[in-house]
Amino acid sequence: MAVALIVAAGRGERLGSGSPKALVTLLGRPMLHWSVDSLRSVGTVTQIVVALPDGHLDGAPEGTIGVVGGATRSESVRAALATADAADVVIVHDAARPLASPELFERAIAELERSGCDAVIAAVRVADTIKEVADDGRTVRATLERSRLWAVQTPQVFRRTALERALAAPAAVLAAATDDAWLIERTGGVVRVTESDQANIKVTSPTDLRVAELLLAERVAGGAVAPGGAVAPGGAVAPGGAVAPGGAVAPGGAVAPGGAVPPGGAVAPGGAGR
Ligand code: C5P
């Protein structure tokens, strides 16, 4: 059995939406709901705890438990873990990665069980050549051996005892952690990677939001999107058409810049509804 912790307590200022990033609408639903849906399809997950910003506990989807997050990401993980039921396996996932599939969660859990290690983390092989620069921030000091480099994502799956030990660190150490696996590494634990995919993007910028919307639309449609078309939440495809932010479909048609679809759906060339 496993409990899942979704950290969603970031303010997401780089997105410039004015509301917490995890609650920003993505293809018609709050971003957080897409991760919750995936986790609900994972048979071994018995409970989902969501860390949210203070004042936003009502953003916890039905059937999940909302807790107030901390000042840093790892403090949010610690707050969620303190509320979670007893279970040997703990999944930690960023709400900012709405495209993590049920299969990815299942693969990470299976690898933890198979290997007997302390943590398994989703990661992708690095495609770019990575260089390290000197203290001046510009002069190249080294070219890293690419075959050994992986870009790390979430989900990250842990043995509960190892995660509890790792999170019992001073606030300054937790603040320095950009992922929880590093906290395991620094306490001597064994961490393994499981291969993820490039589509499991982290939504940080408005561009990421649009890319995520496109990828989710494809998934909702079961991978079959009409050429030139997009998909409404629930899977309806607008043949040759597009979908307004928020999900409204113009039958057969386009969407006015800014996303407004007039009743009846027709949008005049150039974007104004008629
Ligand atoms: O800021 P960043 O995108 O790195 O955050 C990664 C994840 O951690 C996001 O899902 C965010 O909501 C969460 N987070 C949190 N508590 C914080 C900071 C970030 O739950 N104090």
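Counting convention: from 1, in listed order, for ligands and their atoms alike. Any value given below was found using the heavy atoms of this structure, including those in side chains, with hydrogens, waters and symmetry copies removed.
The protein heavy-atom contact nearest to atom 21 (N) of ligand 1 is G70 O, 2.9 Å. Nearest to atom 10 (O) of ligand 1 among the protein's heavy atoms is V7 O, 2.8 Å. In terms of protein heavy-atom proximity, atom 4 (O) of ligand 1 is closest to K202 NZ, 2.9 Å. Counting only heavy atoms of the protein, atom 11 (C) of ligand 1 lies nearest to G10 N, 3.6 Å. The protein atom (non-hydrogen) at minimum distance from atom 1 (O) of ligand 1 is R14 NH2, 3.7 Å. Protein heavy atom nearest atom 20 (O) of ligand 1, with residue, atom name and distance: A9 N, 2.8 Å. R73 CG, 3.4 Å is the protein heavy atom nearest to atom 8 (O) of ligand 1. Nearest non-hydrogen protein atom to atom 16 (N) of ligand 1 is S76 OG, 2.7 Å.
Not one N or O of A51 is nearer than 3.5 Å to an N or O of ligand 1, by distance alone.
For K21, every heavy-atom contact with ligand 1 shorter than 4.0 Å involves the side chain, none the backbone.
One finds no salt bridge joining E111 and R107 here, because no Lys/Arg side-chain nitrogen approaches an Asp/Glu carboxylate oxygen to under 4.0 Å. Using a cut-off of 4.0 Å between Lys/Arg side-chain N and Asp/Glu carboxylate O, D128 and R146 are scored as not salt-bridged.
Residue L183 is grouped with residue V92 when hydrophobic side chains (ILVMFWY) are merged at heavy-atom distances under 4.5 angstrom, including chains of intermediate members.
For ligand 1, the atoms closer than 4.0 angstrom to any heavy atom of D94 are 6 (C), 7 (C), 10 (O).
Using a distance-only test at 3.5 Å, with no hydrogens or angles considered, a donor-acceptor pair links the side chain of R97 to the main chain of N200.
Put simply, no part of G69 is less than 4.0 Å from ligand 1, judged by heavy atoms. The shortest separation from a heavy atom of T72 to ligand 1 is under 4.0 Å, placing the residue in contact. Close to ligand 1: A71, with a non-hydrogen atom less than 4.0 angstrom away. Under the 4.0 angstrom criterion for non-hydrogen atoms, A8 is in contact with ligand 1. Residue contacts with ligand 1 leave out R11, since none of its heavy atoms falls under 4.0 Å from the ligand.
With a 6.0 Å radius and a threshold of 12 heavy atoms from other residues, nucleotides or ligands, D88 has its CG atom at or below the threshold.
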Could you please spell out the steps behind the salt bridge (Lys or Arg N to Asp or Glu O under 4.0 Å) verdict for D180 and R73? CA-CA 9 Å; D180 304 294; R73 186 187 172 285; 2.8 Å; yes

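For the residue pair S147 / E145, a side-chain donor-acceptor distance below 3.5 Å is found, with atom types taken as modelled.
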